[in-house]
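What follows is a short report on a single structure.
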Amino acid sequence: MTGCDVIGGCPSDYVALSVSILSFVFLFLRSTLPFLIHKVPRPKGSSFWIPAIQIIASFNLLLSLAMSLNVVRFHRRHWWQSCYIWGVWVNGPLGFGLLLSCRIIQATHLYSVFVKRRLFPIRSYISLPLALLPWVAWAALLQIEQPLNNRCHMGTRWAVPYICFPVLYIAALIGITGAIHHIEFRFDELKDLWRGILVTVFSIGVWVVAYVLNETHEEVMWLQVTTRCVLLVVASSLVVAFFSISFSQPLVSVMSLNKKESFELKTMGQALGIPDSGHLSHNDPTLDVDPNEPLDKLLLNKRFRCSFMEFADSCLAGESVHFYNEVEQLERIPVNDPVKRIYMARHIIEKYINTGAPMEVNISHRTRQEILTTLDLSHPDLLKNAANELLQLMNMNLAKDYWSSMFFLKFKEEAAMRSVDHEHEQVNGWNFSPRLSSVHCPDDPFYQDHMPRDPPTLDARGSHLH
Amino acid sequence: MLYTVVQNMGILCSRHKRGNQANTEENAQAAEIERRIEQETKAEKHIQKLLLLGAGESGKSTIFKQIKLLFQTGFDERELQSYTSVIHANVYQTIKILHDGAKELALSEAGSSKYGLSIDNKEIGEKLSEIGGRLDYPRLTEELVQDILKIWRDPAIQETYTRGNELQVPDCANYFMENLQRLSDTNYIPTKEDVLHARVRTTGVVEIQFSPVGENKKSGEVYRLFDVGGQRNERRKWIHLFEGVTAVIFCAAISEYDQTLFEDESRNRIMETKELFEWVLKQKCFEKTSFMLFLNKFDIFEKKVSKVPLNVCEWFKDYQPVSTGKQEVEHAYEFVKKKFEELYYQNVTCDHQDRVFKIYRTTALDQKLVKKTFKLVDETLRRRNLFEAGLL
């Protein structure tokens, strides 16, 4: 007849368990809600996988603690309930170790991009297992030597080297954070890194104290119960405080969860504070368009660019114009502000250049490789070749059809109307283009809110009255 | 009191009658709208949707242009003239690719002097390469033409051209270089042949609607043909066109077995076409769609087979040449055709039992051949329509 301190199931255990379940649900919501509310498409590649793996690792950590500390009352009959599975494998390489490794990879990416100014050359599916290797080796060692007693305690001889692992990883993380702390990050990356480090150090401290107390006073019932409750609660707060999306999805991290503000979706240009990178305003100059002028001169005018962008989106060729738009924003960042340039360049590369990117553009292999293997992300001519190629493509492909499309007629009408100071009538309805009459797709992949059709405001009329 | 009741009833009745009148008017309007919608949906149903799919540079847009020439009003003078800038751009781009390619080959094969331009041509070469990298190309003047011809005829460039499969030299290179004098004429208006040879990477989607007028000139199916870009980034847009397709015309350039992709120079073009064809065949929405495989660029294939063996391509590595000359060309073509047939039947399940699959040998530049091929396609689709109607 053993008490609940040995086999689990004390009231404090259930309290701790519910705290951990709640914190995991909170973590999950915090990571997925911004995408659901603002209808941001799921990111691809390592910007999706590393945060996803962090959430899985958090879950594993909490689950392993619950199972190995006997928080839940169950009989250890089956092999999959053994201590080694939970206390050694799921806790280490698949839980805490995975969390720390992901964060180290993220910090290394930041270092590579902002200090070395090049994209990290090793793919994540290689670098993450590499970072995890020490933990796996240690877990294998423990599995072979089998030092755990039936209470899942490992004894001092093994616990001391075991503590070295998190300490080493934290030290590495502190080292990398120290190497990048002089960079002026714009999206709270540094703050999140320090927060993660502090929370982890605190958790390790609590773990050490709990462990020491447990080892020295193995018979004291209330100590056992309290320490495991405390451990679970601290681990729950660790996983919540550790999580951050500012490394992989900086724009999503600045989006508020307030649904009313969802119409103010920021572009990277706006988030970085590049002037005049938002929606069209009433003050943008009109243009007397001459079809014989070269396309790159015409595209400098914002209204023309928006009209051309709409036309290109309608025939599913919009990515070139969007790319050109964002490269033009990049060029407006002064050369002596490399951090902003790097942010914008990285954003453009992830959105347009990477293979499989959501709005991948049609450039040659050579141009793409030049950009992806560049040694200086802040170089002013980084994207020049790609922009030239795409401008050629637009010139030879889209320009001709644009002049005979309704989008151009609409643009001329709006320009004429604006110059006569009339009410800004909504010219909507039939957006005809000679390229594509109807593509029945439920959601236009290129739908971007670049020209909000505002109802006539008092300002326009007011200025007329003066 | 009775009087007021009767009066009130009268008012009520008249109101009711007016309500009825309004009702019938509304009904008539609604019926008219319904009729119109029905008419339009019926008309839409009669339009057959054709898709031109295929990897990059497989000839889709050329077939598209041919269809425009054959069944629509063709190209008027203004449209022909609009191709002048495209053709000149092709010339400059070709020379730049060849010149830069020669420089690279000279570097990589440091020992041989095969790829070194002669001293007088080096400067001209650099100048032309710089022009080729600009956004706005200058008009082809007599002087520029002479320069270009000097470079083109330089043995180093000709040697580079023989290794053109390692660079991204467009197929129209030789044709435009031969006709360069005519292209630079001040009153130059591109001929139909020039327009068909002109190379522009398609981006996005283009469509035309046409009716292949038959012998009796009365009945004729209405086709809506969609042309797409073939590079990898363009393929994510294809999915928006996949609903309700009558037939897919898949273009495969069989002459490209020794070339690599524009967007990924580590990948063989035929291997990419193979994978792409498999992917298209497996799409759920194409269960009932007819497949017309156009094995395109036969003219280039003819000339290449005798010089470059088919087995440089992994898919064709079990090819054994049996003879020479024309017989060999036919044998090679049959081999390739059989490979594609095998690929098709490997990817067919029991859902695709009565799906039509036909292979055609085409040269997209040849107008007569395309006309004949399309007539066969039209016939097949018509027969298929009747078959389906008969079942219903």
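Each chain gets a letter, A, B and so on, in the order the sequences are listed, and its residues count up from 1. Keep in mind that this is a model prediction, so the values were computed, not measured. Both backbone and side-chain heavy atoms feed into the values below; hydrogens, waters and symmetry mates do not.
In this structure, chain A has no heavy atom under 4.5 Å from any part of B:Phe242. Using a 4.5 Å cut-off between heavy atoms, A:Leu295 does not touch chain B at all. Looking at A:Asp296, the atoms closer than 4.5 Å to chain B (heavy atoms on both sides) all sit in the side chain, from C-beta outward.
Put simply, of A:Arg368, A:Gln392, A:Met394, the one with the most heavy-atom pairs under 4.5 Å next to chain B is A:Gln392. In terms of heavy-atom pairs under 4.5 Å with chain A, the best-connected choice from B:Arg134, B:Glu263, B:Glu265 is B:Glu265. Listed options B:Thr260, B:Val86, B:Leu135 were ranked by heavy-atom pairs under 4.5 angstrom with chain A; first place goes to B:Leu135.
For the residue pair A:Asn397/B:Arg201, the side-chain donor-acceptor check at 3.5 Å is not satisfied.
Checked by atom type and distance alone, the side chain of A:Ser112 never pairs as donor or acceptor with a backbone atom of A:His109 at under 3.5 Å.
Residues meeting the salt bridge (charged side-chain N to carboxylate O under 4.0 Å, His left out) test with A:Glu326, sequence neighbours left out: A:Lys351.
For A:Phe408 and A:Phe311, the ring centers sit 6.0 Å or farther from each other.
For the salt bridge (Lys or Arg N to Asp or Glu O under 4.0 Å) with B:Glu275, the lone residue among B:Arg232, B:Arg267, B:Arg269 that qualifies is B:Arg267.
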